[in-house]
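Here the structure comes first, spelled out in structure tokens, and everything after it is commentary.
Numbering starts at 1 and runs along the sequence shown. This is a predicted model, so every value here is computed, not measured.
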Amino acid sequence: MAQLEQMMRKELQKAMTVVSAKVEADMYEEVGKFYTKGTPVMYQRTGQLGNSPATTALTSLGNAVSFEAYLDQSEGYSTGKKPSMTAVLNLTNYGSYPGLRPALGKTGFWERAENKMEKTLNQTMRKYFR
């Protein structure tokens, strides 16, 4: 039984490595879509939003393997009102943020990325654990 558990943990580790890489790629793809809508004339795009997707390293605890997928909020903006990355993420994802003018871009990227994450996890687990 111990050998079977060890084999299952090893397969779970492999599967989650695949999921992590795909999730990060999906986040970059969806955030990148923000830039496909319009060309701003009132401000110049810095591209910092496009660099915000990130994942943590895999962690294992007992029979569980996990990682976190998130948009890095540590960067700040040095242009305009110098908004925080949190404000920019809300503005660009939802289309508005108190005190900031709207940004020109395709909103809703985080919801699309989350939907892809769930699909990726489910498909990968089915592939590894039929």
Side-chain angles (χ1 to χ4, degrees):
M1 191 56 121
Q3 286 178 328
L4 178 59
E5 284 182 17
Q6 184 178 13
M7 183 187 75
M8 294 291 284
R9 275 194 297 272
K10 196 177 224 178
E11 283 301 298
L12 181 58
Q13 185 85 21
K14 285 181 195 176
M16 290 301 283
T17 299
V18 169
V19 170
S20 177
K22 178 76 170 116
V23 160
E24 188 168 28
D26 288 342
M27 285 191 304
Y28 272 105
E29 179 183 348
E30 290 304 329
V31 169
K33 287 180 182 177
F34 173 80
Y35 298 106
T36 65
K37 185 176 178 185
T39 304
V41 293
M42 299 293 286
Y43 62 94
Q44 189 172 26
R45 288 182 168 153
T46 64
Q48 283 180 273
L49 175 65
N51 295 324
S52 65
T55 57
T56 61
L58 294 178
T59 58
S60 298
L61 182 60
N63 291 331
V65 177
S66 65
F67 68 93
E68 289 186 30
Y70 61 98
L71 298 175
D72 185 0
Q73 298 180 32
S74 64
E75 293 292 325
Y77 278 78
S78 59
T79 58
K81 292 184 176 184
K82 299 181 180 164
S84 69
M85 191 61 173
T86 302
V88 170
L89 288 174
N90 280 294
L91 172 67
T92 55
N93 190 48
Y94 301 112
S96 65
Y97 190 81
L100 296 178
R101 297 173 120 193
L104 184 58
K106 185 175 181 181
T107 60
F109 54 81
W110 188 245
E111 287 78 15
R112 290 189 306 273
E114 284 182 316
N115 290 336
K116 283 185 174 182
M117 289 179 212
E118 183 177 357
K119 186 176 179 181
T120 294
L121 177 65
N122 291 335
Q123 288 175 341
T124 305
M125 289 301 132
R126 278 194 299 271
K127 179 181 174 187
Y128 277 82
F129 301 100
R130 295 181 204 175

Taking the side chain as every heavy atom from C-beta outward, state whether [X] and [Y] have any pair of such atoms under 4.5 Å apart.
X: Leu89; Y: Gln73; result: yes
X: Leu58; Y: Gln13; result: yes
X: Thr56; Y: Tyr70; result: yes
X: Glu5; Y: Met1; result: yes
X: Tyr35; Y: Leu49; result: yes
X: Leu12; Y: Met125; result: yes
X: Glu29; Y: Lys116; result: yes
X: Ser52; Y: Met85; result: yes

Closest non-hydrogen atom pair between Ala87 and Leu100, with its separation: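 Looking at all heavy atoms of both residues, the shortest contact is CB-CD1, 3.9 Å.
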Any idea which heavy atoms bring Gly95 and Pro102 closest together, and the distance?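 Scanning both residues completely, I find the closest heavy atoms to be O-CB, 4.1 Å.
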More than 12 non-hydrogen atoms from neighbouring residues, nucleotides or ligands closer than 6.0 Å to CG on Leu4, yes or no?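 Result for CG/Leu4: enclosed.
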| query | Does atom CD of Glu118 have more than 12 heavy-atom neighbours, drawn from other residues, nucleotides or ligands, at distances under 6.0 Å? | reply |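 For Glu118, atom CD is not crowded (no more than 12 foreign heavy atoms under 6.0 Å).
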Once rounded to the nearest 0.5 Å, what's the spacing between atom [atom1] of [X] and atom [atom2] of [Y]?
X: Asn122; Y: Arg126; atom1: CG; atom2: CZ; result: 5.5 Å
X: Glu114; Y: Glu30; atom1: CD; atom2: CD; result: 11.5 Å
X: Asp72; Y: Met27; atom1: CG; atom2: CE; result: 10.5 Å
X: Leu104; Y: Phe34; atom1: CG; atom2: CZ; result: 7.0 Å
X: Leu71; Y: Asn51; atom1: CG; atom2: CG; result: 11.5 Å
X: Asn93; Y: Phe109; atom1: CG; atom2: CZ; result: 4.0 Å

request  = Could you state whether Trp110 and Phe67 fall into the same hydrophobic cluster, counting links through intermediate Ile, Leu, Val, Met, Phe, Trp or Tyr residues with side-chain heavy atoms under 4.5 angstrom apart?
outcome  =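 Yes, because Trp110 and Phe67 connect within a single hydrophobic cluster, where side-chain heavy atoms sit under 4.5 Å apart.
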Please check if the side chain of [X] supplies one atom and the backbone of [Y] the other of a donor-acceptor pair under 3.5 Å.
X: Thr120; Y: Val23; answer: no
X: Ser20; Y: Met16; answer: no
X: Arg112; Y: Thr107; answer: yes

Can you list the residues that meet the side chain to side chain contact (heavy atoms under 4.5 Å, CB included) rule with Glu11, with sequence neighbours excluded?
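For Glu11 the side chain to side chain contact (heavy atoms under 4.5 Å, CB included) partners, ignoring immediate neighbours, are Lys14, Tyr128, Phe129.
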